[in-house]
Amino acid sequence: MIKPDRIVTTTCPYCGVGCTLQLHVQDDFIYKVTSPFDSPVNHGNLCVKGRFGYDFVYHPKRVTTPLARRYLLEGKPKPAGREQVFAISMDGNPISNSQISSLWDWIPTDWDTALNLIADNLVRIYQRDGSDAMAVYCCAKATNEDNYLLQKMYRALFRTNNVDHCTRLCHAGSVVALQQAIGSSAMSNTASQVMLNDVFIVTGSNTSENHPIIALQMKEAVRQNGAKMIVIDPRRIELVDFAEMWLPLKPGTNVPVFSAMAHVIVKENLINHEFIANRTEGFTDFIESLEKFTPEYAEEISGVPAEDIRKAARLYANAKNGAIYWGMGISQLSHGTASALALIHLAFLTGHIGRDGTGLNPLRGQNNVQGASDMGAMPFHYPGYMRVDNEDNAQKWEKTWNIEPNGLSRKLGLTTTEILSHAHEGGVRALYIMGENPMMSEPNLNVTREHMKELEFIVSQDIFINESGAFADVFLPATPFAEKEGTFSNTDRRVQRVRVAQPPRGQARPDWEIICDLALRIESQLGRETVKWDYSGPEEVLREMASVNQDYAGITYDRIDKVGLIYPVPDLNHPGTPTLFTESFPRGRGKFIPLDYVPVMEEPDDEYPFILTTGRVLEHWHGGTMTRNSALNEAYPEARVDIHPADAEMHGIRNGDPVKVQSRRGEVVLRATVTEKTSVGVVFIPFHFAEAAANLLTNDVLDPQALIPEFKACAVQVFPAREDDLANPEVEVHRGRY
Amino acid sequence: MSDIDLAPLIPAISSYIPMGRSGLLPALHAAQKIYGWISEPVAAQISRSLNVPLADVHGVIEFYSLFYNEPIGKKVIRVCTDQACALKGADGLLRHICGHYDIQTGQTTRDGAVTVEASPCLGLCELAPAALVDADAETNISSDFHHYDLGRPKSIVGGSIRLLTASCGNGTTSLGQYGKYPALARALGKKPEEIVNEIKASGLVGRGGAAFPTGIKWEGAAKAPGTEKYVICNADESEPGTFKDRILLLDDPHRTLEGMAIAAYAIGASQGYLYIRGEYPYILPVLETALNEAREANMLGENILGSGFSFDIELRVGAGAYICGEETALFESIEGKRGFPRVKPPFPTTHGLFGKPTVINNVETLGNVPLIIAQGSVEYRKIGTEKSPGAKLFCVSGDVSKPGLYEVPFGVTLRELLAMAGGVAREKKLESVLFGGAAGAFATPDQLDVKMTFEDLRAAGLPLGSGVVMVFDETRDMRDVLKRLGHFFAHESCGKCYPCQMGTQRQMEILDRISQGKVITGDLIRLQDVGWTMTDASLCGLGQTAASAVLSAIKLWPGMFNA
Amino acid sequence: MTITLTIDGQEITAEQGKTLLDVARENGKDVPTICFHEATTANGLCRMCVVEVEGMRVLQPACIVEAANNMKVQTRSEKVIRARKTILEMLASTMDLSEAAEVQTMMSEYGVDINRFPDAERREVQVKDDNPMYVRDYSKCLLCWRCVQVCADDAQYTYAINFEGRGYETQIGTFFDKAIPETTCVLCGQCVGVCPTGALKPKREFLLEQGMSPQEISVLNTGRKRRRDR
């Protein structure tokens with residue numbers, strides 16, 4: 001029996017649930033993960049990623065040496081045609097496998113050289129082209145401290161707001177809607193409060209696979225407490241087995257369905273008069289806009305029977321404690337903001353918000369996307385959701401960061417997708433990518449690739465060379481969660497500790513340290529007074545941020561040593577705030593915003609008769625940087641397209657057959673899974689697998705307000721293919737789970 | 001495997017689908033009827049149709065001896081090798097049959113025609129040696145193996161009084177012969193509380209072995225809150241040496257059904273279950289006919305006799321698990337699960353089948369109910385003794401001249417009973433009597449004058465149990481008897497609680513060794529420690545009585561256990 | 001509401017609604033448990049926590065029985081000691097307890113003779129290594145039921161494992177013995193998290209114990225999975 005040298009308590013690096021992990025370490029090797037049964041977040045339960053998926057930390061492909069392209073190190077001009085080079089062999093040593101020119105080879109170097117190369121090039125481009133040429137992708141997996149410092153560096157040093165991260169591709173629609181209607185940008189209650197719901201709606205979220213521990217709590221609420229769950233989703237997700245009702249709507253028809261529910265609630269006088277009168281505004285205009293959203297109208301558009309819409313509406317409205325939990329199916333649409341607003345209206349009409357066991361609860365995906373957003377890693381907001389185009393806000397931060405008056409940019413910055421589409425002469429020239437993988441997670445990857453190639457200078461700060469880092473000019477090896485200190489903020493707004501379990505491998509360094517080191521060099525080249533980069537530790541970073549962002553004011557490492565605190569924590573004695581909006585909303589009253597039905601941008605037609613919707617599977621995480629380099633990949637080694645049995649039969653496709661899925665923008669070849677998990681006319685592909693990247697097919701059309709792409713609906717056709725067409729025909733997934 | 005045709009399965013299980021999980025055992029029985037065994041695709045289909053998780057379906061198939069997840073022969077011969085049949089040459093019979101088909105015990109002939117198995121007690125002890133051939137009882141098998149009775153087993157009924165067995169011994173009593181439930185009609189004219197009080201006043205206690213006052217049980221369920229209540233007849237008679245319920249149900253089924261209906265009226269139940277062991281397949285047609293007769297005559301169903309009281313009975317068949325005779329394990333079985341007993345409290349009268357108030361009674365107990373209601377408790381109490389009123393059925397088997405079912409009033413002595421059964425056979429001397437069943441104790445010749453009442457037997461340290469009286473003459477090796485008891489309990493332990501799961505195994509291993517003459521120092525203490533641990537700490541009655549006979553033998557014949 | 005009862009001669013006041021186990025432990029009385037776990041439903045099946053309650057013939061499982069007014073409880077009576085000692089001796093003769101530290105502590109406390117049953121049939125099963133995350137070594141399984149429960153209604157609602165066989169032959173198993181990846185198992189490892197004996201163990205831990213080095217373990221899952229015939 002092995003006895004651990006130490007057991008380190010930390011927070012899971014995968015999803016927004018933020019489970020408590022205990023890493024068992026011997027000889028600097030984590031060999032086991034357990035979880036305390038009294039953890040208020042997950043009660044000792046974990047999913048396959050949290051319990052077993054930490055092994056990517058030790059994968060031989062992990063990069064632990066700074067790397068730079070040969071052309072840079074040898075001072076040669078950059079060769080034409082930016083080449084994607086992965087260049088790490090199984091034993092972890094860089095090898096050159098450049099096809100175009102050996103000048104693109106990755107060469108290991110030292111930190112000084114690498115950081116100076118970066119400083120030199122970033123400053124050069126900045127001084128030549130100005131702030132608009134600079135852009136940074138912050139990281140929803142990195143800590144609060146890492147993100148705060150990176151957005152600070154770009155705002156303070158390069159005076160740009162071209163700061164964003166993958167929330168843009170995720171809950172941007174939800175956040176913008178919440179900001180407009182409520183003035184907030186997070187779950188209003190906590191996930192564990194599902195135990196207090198008697199009715200709850202789960203929509204656009206395959207919770208069992210993407211927030212597994214929240215799904216457990218939902219199942220417990222149904223089975224032990226008799227709660228009634230309404231699933232509104234085009235796919236027959238696993239939660240349907242536990243649901244009272246399943247409304248299988250066509251992808252992209254959220255607004256008519258939820259508005260029809262609102263219509264029923266109003267017409268049948270199930271509204272909460274007191275709540276509407278005291279806590280909301282705009283009701284009268286809103287009712288008018290609801291007139292056309294009859295259940296029959298919604299049925300015609302969405303395919304959901306009108307009677308079911310009525311039943312669902314009544315169930316939710318008549319509940320004592322009703323709540324709504326939602327995911328990407330709401331947000332990732334060209335009308336994602338409107339979709340989320342349609343949900344918010346339901347809570348306003350019924351008063352199912354502002355009390356324990358109710359709420360509007362967007363389930364945040366990444367382990368620290370809530371935190372990264374809180375840290376202002378976004379183009380329109382400083383930390384604490386303070387708008388950059390607001391004079392007071394800018395001045396506050398100028399003071400905090402020791403910047404001359406009017407130094408900070410008051411101009412709204414570009415979002416992730418816009419940053420890429422502006423990658424051309426006269427636009428964005430230099431991109432810094434911390435722990436993100438746009439080459440897998442942005443829509444329309446063929447075009448994304450072109451944009452990436454247009455960039456003049458790219459830095460990748462990561463733990464592996466992924467599909468995006470493979471385009472970079474300089475690669476900085478950062479430490480994963482197990483090798484750094486800091487905090488993550490989970491989807492419940494709970495700020496929790498991340499702790500070092502073992503020293504950084506090789507020459508890897510914690511992200512926040514890298515940023516400070518780099519920032520000092522940039523400052524010195526720019527000849528400016530220092531903004532402050534000499535922190536004694538990550539806690540000092542957090543405290544600096546909390547000095548302005550009042551939500552975090554009362555959070556210290558000491559206070560969250562055993563259990564995280566749920567912000568807002570306005571002072572050092574405050575116990576945290578699980579339930580928000582008990583008295584009022586941040587903007588005062590909740591605002592009803594009339595909506596119209598806008599169909600998805602690319603509806604199916606004769607040439608492309610299927611709707612493609614994309615998403616995730618339990619065993620993998622997003623671009624696959626971590627999970628494809630883990631035993632998790634053995635559990636689920638290949639991409640699959642889900643196709644309904646009726647469609648499969650019509651097209652002569654059997655389970656496991658290779659097929660080509662094609663959209664106007666690209667194509668992939670992968671095996672088919674014939675399953676009732678998807679609906680007739682809808683196919684599903686997870687976006688984790690580089691060899692069959694779903695985002696080659698997706699549409700880069702954006703929601704006008706949130707600027708989030710329409711990942712959840714585009715038009716495709718499915719053709720039979722041959723075994724030889726598959727990237728890896730010898731790999732096949734065999735999983736008995738649903 | 002892929003050539004299993006699922007087409008006949010769907011219609012066969014369609015009536016069980018609305019039951020959900022509770023329809024699992026019936027569905028598995030139906031599937032086995034079609035295919036002979038339960039293959040993976042069949043199990044998967046049942047799992048889908050009934051919405052029971054795959055692993056759970058597998059767990060249920062694995063628990064019950066009569067469900068097979070591997071192909072077995074088209075004909076299955078189950079030869080009983082428990083005590084009563086062993087006395088009549090069961091081992092030799094089994095060897096002979098295996099030899100005839102050229103296979104070992106538990107195997108199937110190569111052409112898939114026949115499987116031969118050793119079986120625990122089949123409830124045919126007075127007709128030993130016995131076997132079950134598919135759904136037929138094969139009894140009184142001669143020592144040259146050529147002569148035997150096949151089909152409905154004989155009912156040999158005697159005794160000094162014939163109340164419960166009034167209509168037994170002469171084929172099945174039809175509804176016309178029984179009468180249209182006169183006691184039920186009488187009961188329906190009274191208030192339910194009056195019925196409960198009448199049963200209380202009668203002093204009737206359970207006849208399945210636990211001897212709990214029936215009236216108190218009914219009162220508990222009647223007073224329990226809720227409108228969903230159940231009455232269950234426990235016909236899972238599997239105690240070695242017991243066959244009384246077999247005869248009662250075969251020959252006089254309406255008596256039990258009427259008893260159930262009266263119970264249901266008394267407690268406010270509208271649904272009943274008759275759970276019968278899977279090793280009595282020949283009784284099923286009789287029960288089905290009786291149920292139909294009763295329904296057609298409005299003795300069961302809606303608005304019985306225009307009273308407004310509705311009650312019907314569903315037949316449920318066990319699948320080879322003695323533990324399912326334990327009341328809470330029986331509930332689990334009806335609910336479609338492995339037969340694991342539940343911790344008590346809570347008790348069935350408040351939390352029984354499906355968690356609802358339930359009265360569960362033995363067949364013989366229910367048989368007493370129409371008598372009590374028809375004649376009244378005062379009249380009823382004229383039989384038997386003050387503390388043990390009424391009559392009792394005794395299953396006499398083994399080395400007696402006239403094995404059979406004997407009905408006597410409480411108070412008759414063991415000597416008198418044995419005399420009725422013709423005394424020890426072949427003019428041998430009496431060695432001992434296994435009293436109460438495998439979960440019983442040994443009576444010796446100096447206890448023959450013990451009056452058979454609850455109080456006298458308790459004082460003599462002899463458990464009444466289910467009324468088993470198994471006689472062993474002086475030629476018998478008691479170590480062989482104990483060995484078979486050991487095997488029985490180890491085979492039937494459900495495996496849930498540690499004392500019984502491991503204790504029955506350890507006990508069996510030691511008794512095996514002792515029966516071969518290989519006693520080790522410390523065996524007596526081992527058996528005592530294991531035995532008392534099971535008796536004191538087991539979760540249910542099976543474990544608590546699994547060492548009862550052994551501990552009794554240790555007291556009587558300690559030399560047997562010393563090295 | 002409070003109640004008063006006597007445990008080992010000591011009068012104790014407790015809140016109504018607690019089990020004897022909780023009340024005993026809160027008052028410093030050691031009651032051993034094996035199958036009991038804070039995160040699973042108590043089944044009272046190991047019977048180690050049995051105590052003698054005056055007026056009740058059979059020993060009572062403290063983890064389930066609610067403490068009641070005027071109860072008189074003995075946590076260490078002769079019957080209790082005999083039962084616990086024998087149960088431990090039977091366990092020792094049945095399976096591999098080398099990694100069940102708590103059980104071993106109990107065994108020395110109760111003066112257990114691990115060779116009490118020399119002719120005992122032991123549970124010896126080959127290690128099942130059929131998925132990338134955890135191994136199953138049922139030679140170490142003492143059938144506490146926790147894994148089945150957390151896979152079912154106590155946590156995961158996935159129902160991938162259940163029981164095979166009956167009585168002493170009981171073993172934890174999957175539908176028709178399928179390899180774990182082919183069952184409904186989602187590899188969450190809740191079962192691994194509650195196993196008290198190391199019968200369920202993370203594969204990395206297992207491999208380290210088998211003598212593999214961290215480097216060797218780290219390159220294990222870097223190849224492609226071999227294709228299976230369809």
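No experiment lies behind these values; they were computed from the predicted model shown. Protein chains get the first letters and strands the later ones, always in sequence-line order, with residue 1 at the start of each.
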Point-to-point distance, once rounded to the nearest 0.5 Å, from [atom1] of [X] to [atom2] of [Y]:
{"X": "Q507(B)", "Y": "F117(C)", "atom1": "CD", "atom2": "CZ", "answer": "10.5 Å"}
{"X": "M502(B)", "Y": "L88(C)", "atom1": "CE", "atom2": "CG", "answer": "8.5 Å"}
{"X": "E509(B)", "Y": "E121(C)", "atom1": "CD", "atom2": "CD", "answer": "6.0 Å"}

Quick check on [X] against chain B: is it the side chain, the backbone, both or neither that has a heavy atom closer than 4.5 Å?
{"X": "E52(C)", "answer": "neither"}
{"X": "C144(C)", "answer": "both"}
{"X": "I87(C)", "answer": "both"}
{"X": "I34(C)", "answer": "side chain"}
{"X": "A120(C)", "answer": "both"}

If you tally heavy-atom pairs under 4.5 Å against chain B, which of [options] wins?
{"options": "V80(C), L143(C), N43(C), D177(C)", "answer": "L143(C)"}
{"options": "T158(C), T170(C), T94(C), T183(C)", "answer": "T94(C)"}
{"options": "L142(C), V148(C), L59(C), D119(C)", "answer": "D119(C)"}

Within a radius of less than 6.0 Å around [atom1] of [X], do more than 12 heavy atoms belonging to other residues, nucleotides or ligands occur?
{"X": "E109(C)", "atom1": "CD", "result": "yes"}
{"X": "K344(B)", "atom1": "NZ", "result": "yes"}
{"X": "E38(C)", "atom1": "CD", "result": "yes"}
{"X": "Q516(B)", "atom1": "CD", "result": "yes"}
{"X": "E15(C)", "atom1": "CD", "result": "no"}

Has E62(B) got a side-chain atom pairing as donor or acceptor with G165(C)'s backbone, closer than 3.5 angstrom?
yes
If I compare all heavy atoms of [X] with all of [Y], which pair ends up nearest, and what's the gap?
{"X": "L45(C)", "Y": "P499(B)", "answer": "O-CD, 4.4 Å"}
{"X": "I38(B)", "Y": "F176(C)", "answer": "O-CZ, 3.7 Å"}
{"X": "L54(B)", "Y": "F175(C)", "answer": "O-CD1, 3.1 Å"}

Pick one of side chain, backbone, both or neither for [X], based on which atoms fall under 4.5 Å of a heavy atom in chain C.
{"X": "I525(B)", "answer": "both"}
{"X": "Q544(B)", "answer": "side chain"}
{"X": "R338(B)", "answer": "side chain"}
{"X": "V343(B)", "answer": "side chain"}
{"X": "R342(B)", "answer": "neither"}
{"X": "I323(B)", "answer": "neither"}

Give the intermediate values and the outcome of side-chain contact (heavy atoms from CB on, under 4.5 Å) for residues W145(C) and K496(B).
CA-CA 9 Å; W145(C) 285 29; K496(B) 178 172 177 180; 3.5 Å; yes
Among S538(B), G339(B), C500(B), A537(B), residue most engaged with chain C (heavy-atom pairs, under 4.5 Å)
A537(B)
Counting heavy-atom pairs closer than 4.5 Å to chain C, which one of A55(B), G495(B), A44(B) comes out on top?
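Ranked by contacts with chain C, first place is A55(B).
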With under 30° as parallel and over 60° as perpendicular, where do the rings of F163(C) and F340(B) fit, or are they tilted in between?
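Answer is perpendicular, since the angle exceeds 60°.
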Are the side chains of [Y] and [X] in contact, using a 4.5 Å heavy-atom criterion?
{"X": "R166(C)", "Y": "S65(B)", "value": "yes"}
{"X": "M90(C)", "Y": "Q505(B)", "value": "no"}
{"X": "T184(C)", "Y": "P53(B)", "value": "no"}

Using side chain to side chain donor-acceptor pair (under 3.5 Å) as the criterion, point out the one residue from R116(C), K85(C), R82(C) that pairs with D529(B).
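Considering R116(C), K85(C), R82(C), a side chain to side chain donor-acceptor pair (under 3.5 Å) with D529(B) is found only for R116(C).
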Test log, rule side-chain hydrogen bond (donor to acceptor under 3.5 Å, both in side chains), inputs R506(B) and S93(C)
CA-CA 9 Å; R506(B) 295 287 98 87; S93(C) 68; 2.7 Å; yes
Regarding R47(C) and the six-membered ring of Y498(B), is the cationic atom NZ or CZ under 6.0 Å from the ring centre and inside 45° of its axis?
no
With salt bridge (Lys or Arg N to Asp or Glu O under 4.0 Å) as the criterion, how do D536(B) and R57(C) come out once you've worked through the C-alpha distance, each side chain's angles and the decisive distance to 0.1 Å?
CA-CA 7 Å; D536(B) 293 337; R57(C) 179 184 66 85; over 6 Å; no
